[in-house]
Amino acid sequence: MGGRKRVYLINTGGTIGMARTADGYAPAQGFLEAQMRRMPELADASMPEFTIHEVAPLLDSSNMTPHNWVQIAQEIHRHYDEYDGFLVLHGTDTMAYTSSALPFILRNTRKPIIVTGSQIPLCEIRSDGRENLITGLLLAAESEIPEVCLFFGDRVLRGCRAVKTSARGFDAFDSPNYPPLGQAGIDIIIHRERLWRPDAGDAWLHEGHLDATSVGALRLFPGIAARVLENMLMPPIQGLVLETFGVGNGPDQHPEFLAVLQRATDRGVVVVNCTQCLRGAVSMGDYATGAALAKAGVISGHDMTTEAALAKLYTLLSSDLSPAEVRRRMGRSACGELTTA
Ligand code: ASP
């Protein structure tokens with residue numbers, strides 16, 4: 001008998017472990033653990049054993065930065081050999097950014113890394129955190145999931161495909177361009193054929209300094225001034241996710257706008273085209289309005305989410321790679337974040 005599985009639980013903050021304050025919910029050190037001590041079901045023999053690591057300070061995830069992503073990845077890597085899986089408790093606001101970034105920072109995991117949280121804190125009677133926590137722990141103990149997942153409500157989503165789609169619902173996340181990896185209903189079902197297949201070899205950490213890397217995202221809107229784009233593309237920016245219309249279109253009757261883009265891409269800024277639409281991929285050859293962006297040096301983000309494209313830019317641009325190589329790698333799947341035709 002192998003004994004109970006062991007899970008390393010990292011509490012980064014977020015609603016799940018928050019306490020009521022005069023200013024609304026806020027993180028409180030030690031509070032999550034106190035709530036968990038009041039959950040006898042966590043000690044049930046069917047649950048994995050777990051160790052809790054509380055990050056200090058705990059954060060509302062709206063305060064998270066790439067530095068925090070790296071800290072989480074390092075913490076997992078440090079304990080990688082000691083545990084069967086990892087559960088990251090996180091605020092929902094930027095959870096999809098973190099779940100998108102982790103697979104680019106901690107590469108080639110063979111163990112489940114589950115990111116979850118809740119819309120209502122554990123200390124409240126109607127908290128959705130209880131189910132998310134229990135099932136999250138069980139999923140982290142499931143050694144067949146070799147990737148970073150976002151688990152929320154009843155769905156297991158690929159982390160680098162996830163987006164937050166509801167500010168208040170218990171089904172707050174979706175992965176519109178990739179089917180769920182699993183479903184937690186009466187049974188927990190994992191769709192093995194959808195899981196990422198890691199390369200042979202060990203998990204490894206990305207070494208670059210994300211903090212020293214300058215990337216941005218800009219959502220196009222009708223009437224956007226060239227000056228707005230120009231400001232966005234000012235040095236030291238190295239990469240930009242341009243959120244475009246439909247299949248990747250922008251204003252081709254706006255020569256100054258296109259000239260600003262051209263000057264930036266000529267300087268080596270990597271501009272990635274991701275659609276504002278929730279579903280579907282960029283195809284810059286379909287319309288003249290898309291072809292104009294391609295001519296100005298913009299590259300396709302295919303069906304990547306902005307969250308994933310930003311994380312990928314951060315990691316590639318903090319590596320020692322030429323802009324040409326970054327552009328090439330942006331178009332290839334590194335951890336299942338995009339589909340190419
Ligand atoms: N503001 C909270 C956070 O992201 C929201 C949540 O966790 O649901 O940390």
Side-chain angles (χ1 to χ4, degrees), residues 9-36 38-39 52-73 75-76 86-103 105 113-137 139-140 148-157 159-176 180 184 210 217 278 305-308 310-311 314:
L9 187 159
I10 303 174
N11 179 24
T12 69
T15 293
I16 191 163
M18 284 190 185
R20 261 186 248 158
T21 74
D23 295 326
Y25 293 123
Q29 300 298 140
F31 194 67
L32 175 96
E33 231 179 307
Q35 302 304 308
M36 288 175 67
R38 296 166 53 186
M39 293 174 64
I52 302 178
H53 170 76
E54 185 174 86
V55 168
L58 290 168
L59 292 176
D60 183 305
S61 73
S62 297
N63 286 313
M64 287 252 179
T65 69
H67 177 70
N68 303 112
W69 305 338
V70 172
Q71 281 182 326
I72 298 167
E75 190 60 29
I76 295 172
F86 300 84
L87 182 66
V88 179
L89 298 184
H90 196 289
T92 62
D93 289 347
T94 67
M95 188 185 289
Y97 288 86
T98 300
S99 72
S100 294
L102 286 178
I105 302 170
I113 299 172
I114 313 294
V115 187
T116 195
S118 70
Q119 293 278 46
I120 302 181
L122 271 182
C123 64
E124 302 289 0
I125 196 84
R126 286 192 58 248
S127 177
D128 52 330
R130 187 180 165 279
E131 294 300 327
N132 288 348
L133 175 61
I134 291 172
T135 308
L137 278 166
L139 285 167
V148 176
C149 305
L150 189 155
F151 170 68
F152 212 86
D154 62 353
R155 286 188 301 173
V156 187
L157 307 173
C160 57
R161 292 282 196 162
V163 286
K164 186 173 182 181
T165 53
S166 171
R168 302 197 80 84
F170 286 167
D171 55 347
F173 293 88
D174 200 355
S175 60
L210 270 58
L278 210 48
T305 62
T306 295
E307 289 85 336
L310 275 170
Y314 263 120

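Given the structure is predicted, the values throughout are model-derived calculations rather than measurements. Order of listing sets the numbers, starting from 1, for every ligand and every atom in it.
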J.: Would you please name every residue forming a salt bridge (charged side-chain N to carboxylate O under 4.0 Å, His left out) with Asp174, sequence neighbours left out?
T.: Arg155
J.: For atom 9 (O) of ligand 1, what's the nearest protein heavy atom and its distance?
T.: Ser61 N, 2.7 Å
J.: So, does Ser100 use its side chain to make a donor-acceptor pair with the main chain of Ala96 at under 3.5 Å?
T.: yes
J.: Side chains of Asp93 and Lys164: does their closest heavy-atom pair fall under 4.5 Å?
T.: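 Result yes, sub-4.5 Å side-chain heavy-atom pair found.
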J.: Using side-chain heavy atoms (C-beta onward) and a distance below 4.5 Å, is Pro180 in contact with Val156?
T.: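 They are not in side-chain contact.
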J.: Which atoms of ligand 1 sit under 4.0 Å from any heavy atom of Met18?
T.: 9 (O)
J.: Got the closest protein heavy atom to atom 5 (C) of ligand 1, with its distance?
T.: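 Answer, as residue, atom name and distance: Thr15 OG1, 3.2 Å.
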J.: Is there a polar contact between ligand 1 and Asp93, counting only N or O atoms under 3.5 Å apart?
T.: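 Between Asp93 and ligand 1, an N or O pair is found under 3.5 Å apart.
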J.: Can you name the residues that form a salt bridge (charged side-chain N to carboxylate O under 4.0 Å, His left out) with Glu75, not counting sequence neighbours?
T.: Arg78
J.: Below 4.0 angstrom from a heavy atom of Gly14, which ligand 1 atoms are there? Numbered from 1 as shown, please.
T.: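 The list of qualifying atoms is 7 (O), 9 (O).
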J.: List the closest protein heavy-atom neighbour of atom 3 (C) of ligand 1: residue, atom name, distance to the nearest 0.1 Å.
T.: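 The answer is Asp60 OD1, 3.3 Å.
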J.: For atom 8 (O) of ligand 1, which protein heavy atom lies nearest, and how many Å away is it?
T.: Thr92 OG1, 2.5 Å
J.: Report yes or no: does a heavy atom of Ser118 sit under 4.0 Å from some atom of ligand 1?
T.: yes
J.: Donor-acceptor check, side chain of Thr305 to backbone of Ala308, threshold 3.5 angstrom: yes or no?
T.: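 Such a contact is found between Thr305 side chain and Ala308 backbone.
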J.: Report yes if His90 has an N/O atom closer than 3.5 Å to an N/O atom of ligand 1; otherwise report no.
T.: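 No, His90 has no N/O under 3.5 Å of an N/O on ligand 1.
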J.: Kindly indicate whether the side chain of Arg38, heavy atoms from C-beta on, has any atom under 4.5 Å from the side chain of Leu122.
T.: no
